[in-house]
Amino acid sequence: GQRTGLVLTCQDTSAVQRADQRIRSTHRPGGFSARYRLEQISGNSPATRQLLKLAQRYGATASTVLITGESGTGKELLAQGMHNVSSRQRGPFVAINCAAFPESLLESELFGYQEGAFSGSRKGGKPGLIEAAHGGTLFLDEIGDMPLPLQSKLLRVLQEKEFEPVGSNEMLHSDVRVIAATSMDLEAAIKRGEFRADLYYRLNVLPIQVPPLRERLEDIPALSEAILEELRSQHELDREALALLAQHAWPGNIRELRNVLERAALLSDDLVLNAGEIRAAIGTFTPVERSSAVAAVEGESFSAARERFDR
């Protein structure tokens, strides 16, 4: 009945980490992957070239990134591209829009919950997206809309890589790289008392701003081609249609451009879209101030403009 010896089992730490990753992946919902790469982001304007150069450099690090820019500029595509050039590219890419959930639901989605944490909770509890992102990237879209109580919990994740599921007293560890994005002026939100200053400085380690489409109109030929190809459309734009696209201010940015091209292609009886069809598809036209970018696109055919901007 007396203890006469001990057995000590030693394992390589990397083997333990791989086992931990396998266990977590068995509880992880599917679909957490990044589809887009940086080279798939279309455009050859100076602004876009600088954006991609910076994203490539940021992606190679493990630091937190804060992406700012207007709605529809492609912030999530940029985040996916950075994930795919990082050392975490084989890990999950988990995205959540912080503006899409009420506070209580956002908390349980992010941090998970234990069984019985609230009425209607799943038997056995549910792992949250922070845990699901272990070994990969957590993309927090519209971070400026996150409620203040959750901002303090997120701060601990960034500082300690620890979090507490809803209804639990136990801290869990998750090795995640956070990329956040917002169309909000966070510094103004801090002054209004709507965003924590300490969280802002934790997020704003590597800032990157995506310029609106009206500031890179030279990208329209390449973007239009890529969008039509993604839509599996055989349509092209004639010279006047391309010039018209470069005269609109695009308040909805690339998302609006996609909608316009999809609408025009669907309603057109010809494979070459003309200015009238594009004008009708745009609806409310917002003229942009004439610039060298507009002049560069005007007077060229779709194929000629595309070739010039691909060079």
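Just so you know, these numbers use all the heavy atoms, side chains as well, and skip hydrogens, waters and symmetry mates. Since this is a predicted model, take the numbers as computed values, not measurements. We count residues from 1, following the sequence as given.
- Between Glu142 and Ala99 the shortest heavy-atom distance is CB-CB, 4.1 Å.
- Between the side chain of Lys75 and the backbone N or O of Glu70 there is at least one donor-acceptor pair closer than 3.5 Å.
- Residues Ile220 and Trp250 are in side-chain contact: their nearest non-hydrogen atoms beyond the backbone lie under 4.5 Å apart.
- No side-chain heavy atom of Pro92 sits less than 4.5 Å from a side-chain heavy atom of Thr137.
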Using the side-chain contact (heavy atoms from CB on, under 4.5 Å) rule, take Asn274 and Leu237 through it: C-alpha gap first, then chi angles, then the decisive distance, then the call.
-> CA-CA 6 Å; Asn274 60 50; Leu237 297 156; over 6 Å; no
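- Residues Ser42 and Glu225 bring no donor and acceptor atom of their side chains to less than 3.5 Å of each other.
- Within the 4.5 Å cutoff, the side chain of Leu140 has no heavy atoms near those of the Thr182 side chain.
- Heavy-atom contacts from other residues, nucleotides or ligands closer than 6.0 Å to CD of Glu229 number 12 or fewer.
- At a cut-off of 3.5 Å, with distance as the only test, a side-chain donor of Ser268 or Glu277 sits close to an acceptor on the other residue.
- Using modelled atom types, one finds no donor on one side chain facing an acceptor on the other under 3.5 Å when comparing Asn253 with Thr73.
- Counting heavy atoms from C-beta outward, Glu164 and Leu172 have side chains that stay 4.5 Å or more apart.
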Chi angles and distances behind the side-chain contact (heavy atoms from CB on, under 4.5 Å) call for Leu223, Ile254 | CA-CA 8 Å; Leu223 284 168; Ile254 299 172; 4.2 Å; yes
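- Under 4.0 Å is where a charged nitrogen must lie from a carboxylate oxygen, and between Asp175 and Arg88 at least one such pair does.
- With hydrogens and angles ignored, the 3.5 Å screen pairs a side-chain donor or acceptor of Gln151 with a backbone N or O of Arg196.
- Glu107 has a carboxylate O that lies under 4.0 Å from a charged side-chain N of Lys153, or vice versa, which qualifies the two as a salt bridge.
- With hydrogens and angles left out, the side-chain atoms of Glu160 and His173 include no donor and acceptor closer than 3.5 Å.
- The shortest distance between side-chain heavy atoms of Ser174 and His134 falls below 4.5 Å.
- Environment of CD in Gln159: crowded, with over 12 heavy atoms of neighbouring residues, nucleotides or ligands closer than 6.0 Å.
- Using modelled atom types, one side-chain atom of Asn84 and one backbone atom of Tyr36 make a donor-acceptor pair closer than 3.5 Å.
- Transitive grouping of hydrophobic side chains (ILVMFWY, heavy atoms separated by less than 4.5 Å) keeps Ile96 and Ile179 in distinct clusters.
- Under the 4.5 Å side-chain heavy-atom criterion for Ile, Leu, Val, Met, Phe, Trp and Tyr, Ile208 and Leu213 are members of distinct hydrophobic clusters.
- The minimum heavy-atom distance between Ile278 and Ala241, with the atom names listed, is CG1-CB, 3.8 Å.
- In this structure, Arg214 and Ala249 approach most closely via the heavy-atom pair CB-O, 3.3 Å.
- The CZ atom of Phe163 lies 10.0 Å from the CE atom of Met171; values are rounded to the nearest 0.5 Å.
- Side-chain atoms of Arg35 do not come within 3.5 Å of backbone N or O of Gln80 as any donor-acceptor pair.
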Trace of the side-chain contact (heavy atoms from CB on, under 4.5 Å) decision for Glu162 with Val157 = CA-CA 5 Å; Glu162 292 180 343; Val157 175; over 6 Å; no
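- In this model, a donor atom of one side chain and an acceptor atom of the other lie less than 3.5 Å apart for Ser71 and Arg255.
- Taken from CZ in Phe195 to CD1 in Ile143, the straight-line distance is 5.0 Å, to the nearest 0.5 Å.
- The backbone N or O of Glu262 sits nowhere less than 3.5 Å from a side-chain atom of His235 that would complete a donor-acceptor pair.
- We find the CG-SG distance between Leu154 and Cys98 to be 8.0 Å, quoted to the nearest 0.5 Å.
- The closest side-chain heavy-atom distance from Val65 to Ile67 is below 4.5 Å.
- Rounding to the nearest 0.5 angstrom, the gap separating the CD atom in Gln247 from the CG atom in Leu242 is 10.0 Å.
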Please test His248 against Ile282 for side-chain contact (heavy atoms from CB on, under 4.5 Å), starting from the C-alpha separation and ending with a verdict.
-> CA-CA 9 Å; His248 181 48; Ile282 290 175; 3.8 Å; yes
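- The nearest pair of heavy atoms linking Ala47 to Pro211 is CB-CG, 4.1 Å.
- Distance check: Leu78 CG to Tyr58 OH gives 10.5 Å after rounding to the nearest 0.5 Å.
- Crowding of Arg232 atom CZ: a count of heavy atoms from other residues, nucleotides or ligands under 6.0 Å not exceeding 12.
- In this structure, CD in Glu194 is found 8.0 Å from CG in Leu148, a value given to the nearest 0.5 Å.
- Annotation: side chain of Glu76 is in contact with side chain of Phe93 (closest heavy-atom distance under 4.5 Å).
- If you chain together hydrophobic residues whose side chains sit under 4.5 Å apart, Leu155 and Leu150 fall into the same group.
- Each of Val210 and Leu77 belongs to its own hydrophobic cluster when Ile, Leu, Val, Met, Phe, Trp and Tyr are linked at side-chain heavy-atom distances under 4.5 angstrom.
- Note: the hydrophobic cluster containing Leu257 also contains Phe285 (ILVMFWY, side chain heavy atoms under 4.5 Å, direct or indirect links).
- In this structure, Arg57 and Leu206 have side chains that are not in contact, with every pair of non-hydrogen atoms separated by 4.5 Å or more.
- Between Glu103 and Pro149, the closest heavy-atom pair is OE2-CG, 3.4 Å.
- Looking at every heavy atom in both residues, Phe139 comes nearest to Ala180 through CE1-C, 4.4 Å.
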